[in-house]
Each structure stands twice: as structure tokens, then as C-alpha cells.
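Residue numbering restarts at 1 for every chain, and letters A, B, ... go by the order of the sequence lines.
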There are 2 protein chains.
Amino acid sequence: MAETRSVDTRERILDAAERLFTDNGFDGTSMRQITGAAGVNLASVNYHFGSKEALMREVFRRRLAWLNTERLRVLDEMEQKAGDKPLKPSQIVEGFFGTLLSMAQDESRGGVTFLRLLGRTLTDPADFIRTFLADEYQQVVERYKAALFKALPNVPRAEIAWRFHFMLGATSYAIAGTDALRLVTDWQVEDEDATDRLDRLPQRLMSFLLGGLRAPLPNF
Amino acid sequence: MAETRSVDTRERILDAAERLFTDNGFDGTSMRQITGAAGVNLASVNYHFGSKEALMREVFRRRLAWLNTERLRVLDEMEQKAGDKPLKPSQIVEGFFGTLLSMAQDESRGGVTFLRLLGRTLTDPADFIRTFLADEYQQVVERYKAALFKALPNVPRAEIAWRFHFMLGATSYAIAGTDALRLVTDWQVEDEDATDRLDRLPQRLMSFLLGGLRAPLPNF
DNA sequence: TATTAATTCATACGTTCGTTTGAATGTTAA
DNA sequence: TTAACATTCAAACGAACGTATGAATTAATA
């Protein structure tokens, strides 16, 4: 089959690019690094994807397609069960961020590597990727924001949108896993090994996010 | 004075580099862009700083020197007033993150530009800058963590460290100001202009951070 | 003013970048 | 088997990169 080879090459390129973009950033990764790591010819990136930027977009697209579909599916299901009643804020937050965090356990969906890439990219957006991400996410974000508005009818919408923003920031940073200031990595952990730490991250993060979402409103 | 020219050149380079690194990232900014924007000769960067990496370090150093000193000063002052009693968590959070946010209003300390650069860099750390940031911050972070441990003696230290980490993430992302998913920028704001939005950010963020810090602990 | 040091300057070095090309090879279908 | 298409390949392109050099210029010192 003609497709066997090309699909193979495409995937090999995407996997290598995903990992290298995560470790070194977009500008910090060269085509030669990518094709070298993938074991394919230099020209094949431009043949299959057209350009380096288009490759970056495709790296995101193949993961976000599933993520955003799943997020909408989860939200649909919850809203159907609830009927006319508003959802609980914790359900909504769990639906949006829990779905994301679940990718960490699933290597076939990019695992932690892709999550780290996403976390990095959200604060490191070249114009082309910033635009692309906004387009990919727009529907999903609107649906979840609307659900939060309905769940918290007495909270000004501006405040909810801001807190959604803050939640995304805390999550991005947590999954980017950089911990540049060595806040978490340096302490003495006697009773908790690395696996436990990763397993417990979702619950720790979710508690924090919900606490922030429910915090008393600021009085200006 | 011989120093007049060189100090001038140094500062012009640092200002230009700060802005360009913020907008385009480290790898996305060339020496020729920097020296062109600064109106100085290409070779002057290597003359005054030694290399592009050393320039990046100096861009951070001149801002972080003040920030970290101020953070320690504020903490010292609070602890002195409190005597033996532990500080309130809100005081500690305000001391750490409020000091940071106050830089936004002060153009002579880098203003929003530097804050955005810092926010970006914390999730986009090349090895050299990651190491550098950790070194610059270590003392300050240890002091503030210790204050939080003392303020919340019944909360496991691991949880506090994690929540510090989450708070830093929410803050980084908020000040990076990217809002890649257009959560906040796209809505209809009739009663709140751009100035108001920036002015109110610190209070909005602080409420969120404290809510997250005080959230019920997760039960594993 | 003469001498020394500090800084700026134009220019060039060698390397690496993303992309393109055209031939070679592999695959599909008549 | 042969013609048409898809993919891979080695090689090269011009451009841009960070850095280095040595002369020219400016400032400090005596």
C-alpha cells in the first residue's frame, strides 16, 4: 500500500516534532533535528505538511481534535442528565480540566508530552499558533463558559470569565511541569514517590481550582 | 564621562531586548533586531554583555534584583510586626504576588512588559534561564514557603507547596496576558474599559489565589 | 597636549536555518 | 508489463544567525 509508508512517515514526523517542540520550543527546534529523530529524509516534512508552521499546527490538531470532541461529549451528557437544572460548578470544571488531565495517562493521545507542549504554548504563542489555538478552542470554551454562567447566575459574568482564565493558567503551568522556581521538586518527600505525585496531581489541582472559582468576590 | 555613553548603550540594549524577548521569545529574537531597535551597533551586545545568553540573564537580573529585595523587605517587616505570631495567609500571598503585580504600574521597573516576559519565561525555560531563575529566586521562595508553613500548621507541607505552585501558575498566566483561548478578551464589555480591566486584575487575582489556597484538601 | 584606555564601527567569518529541486525509487492500476 | 502516480532521496539554495576582528573614534588621565 502506498499509504502505509507515507502514513508511517507522517506519524513518525509528528511524534518526533511533538517531543522536540515540547523540549526545545518551536524556534528552538530545527527541521534537521525533527527529521533526524524521526529517521526520515529532511525534505519529507515539506512534502507531507508544506512547512514547519503547518507541521506545528498538525501536531496540535491531531490531539486537540479528540480533546475538544470529548469535552463537548462530556458536557452534552451532563446537560442531558440535568435537564433544565444548571450543572454544579464542580461538574463543569471537572469536565473541562479533568478531560485534559486524563490525556496524561493515555500515551496514544500524547500523554504528558503533549500536555506539556500545550501548557508551554499557551503562554508562548507565536501569532500563527495563537490564532490557530483560538480557532480550535472557540466553540468549546463558549459552551463551557455558558454552562458556568448558568451555574452561577448571581456572579457577574466578567468575574466568571476571569476565573476561568485563572484556572486555565494554574492548569497550564501545572501540566507544563516546569516548576521553574523549584517550588515543589526540591522538598524532602519521604512518603510520596514520583508516580504518586503525578497520580495525585489531578485531585490536588481540582481542589485548588474549585476553591478559586468559589472564592468571595473582590470588592473594588 | 566615559560611562555616560556606555551606560546609555547598555540600557538601550536592555530595554530593546526586554521588549523583543517579550514579543518574540528568546530564540525568536535576533541580535540584529535588538541592536537595530536600540539604535546601536551590532557588536555592542557582545562587547557589553559577552553573548546573547548573558544579555538575557542581565535583562532578568536588573528587574529581579529589585523584586526579590522588595519581597524580602516586605516579609521582614510583616514578621517583625507580628512578633511570634504566624502571619495571615492573605498577608503572605499579598506580599509575594502583590509585590510582583505592583511592577505593572511602575514603568521604571519594566512595567507590564517585564511581567509578560517573566510569565512567558516561567513556562518556556531554556536550561540556562531555568537554572538562572531558580538561583535568583531560591532564597525568597524558601522564606515565603516557610511563612506559609507556619501560618498553616495543620496543612501538610506538600499541599502548601503544591498550592504555591498553582498560585504561581495562575499569576504567570494572568500577567503573561496572552489569553490564548480568548476567554476574557472577546466578551462584550460595556461598563469596563481596558484601563479598568488592568487596574482590577490584582484584586481579582488575589481573591482567586486565596480561594485556592484555602480550599478543602483533597481526600486521596 | 600627549598617551592610554574605553567604546563604537563596518565588515566578515563560519554555521545553521527553512525550503526547493530534480532525479531515483517505490507503489498502484490498466 | 507498462504507464501514471506517490514518495523518498541527496544535494543545493539564498538568507539569517551569533560571534569575532581590527581599525576608527571618543573619553579619561597625565
B/Tyr47 OH to C/dT8 P, straight-line distance once rounded to whole Å
7 Å
Do the side chains of A/Arg62 and A/Asp15 get close enough for a salt bridge, i.e. N-O under 4.0 angstrom?
yes
Charged N to carboxylate O below 4.0 Å: is that the case for A/Glu70 and A/Arg109?
no
Give DNA chain D the dot-bracket treatment, 5' to 3': Watson-Crick (N1-N3 with N6-O4 or O6-N4) or G-U (N1-O2, O6-N3) under 3.5 Å, [ ] crossing, | other strand.
||.||||||||||||||||||||||||.||
Under a 4.0 Å heavy-atom cutoff, the residues of residues 49-58 of chain B touching DNA chain C are none
Given D/dT8, D/dC9, C/dT8, the nucleotide with the shortest approach to the side chain of A/Ala43
D/dC9
Between P on D/dG18 and NE2 on B/His48, what's the gap in Å once rounded to a whole number?
18 Å
Describe, in one word, how the ring planes of B/Phe114 and B/Phe60 are oriented to each other, choosing from parallel (under 30°), tilted (30 to 60°) and perpendicular (over 60°).
perpendicular
If the plane angle is over 60° it's perpendicular, under 30° parallel, otherwise tilted; pick one for B/Phe21 and B/Phe26.
tilted
From CG of A/Asn46 across to P of C/dG22 the rounded distance in Å is 16 Å
Determine: side-chain N/O of A/Ser44 to OP1/OP2 of D/dC9, distance under 4.0 Å, yes or no.
no
From CD1 of A/Ile13 across to C1' of C/dG18 the rounded distance in Å is 14 Å
Mind calculating the distance between CZ (A/Arg12) and P (D/dT8) to the nearest angstrom?
11 Å
Validation row: B/Met206, B/Leu101 side chains within 4.5 angstrom (heavy atoms):
yes
Check whether the side chains of B/Ser44 and B/Thr9 place a donor and an acceptor atom closer than 3.5 Å, and report yes or no.
no
N-O pairing of A/Arg163 and A/Glu159 below 4.0 Å
no
A/Leu42 has an atom CG; how far is it from atom C1' of D/dA11, in whole Å?
10 Å
When you measure from every atom of DNA chain C, which of residues 25-39 of chain B have a heavy atom less than 4.0 Å away?
B/Arg32
Would you say A/Gln139 has more than 12 foreign heavy atoms packed within less than 6.0 Å of its CD?
no
Between A/Phe96 and A/Phe164, does the ring centre distance come in under 6.0 Å?
yes
Tell me whether the OP1 or OP2 atom of C/dT7 has a side-chain N or O from B/Asn41 closer than 4.0 Å.
no
Should the ring pair B/His165 and B/Trp162 be called parallel, tilted or perpendicular, given that the plane angle runs from 0 to 90° and is split at 30 and 60?
perpendicular
With a 4.5 Å heavy-atom cut-off, do A/Leu122 and B/Thr123 have their side chains touching?
no
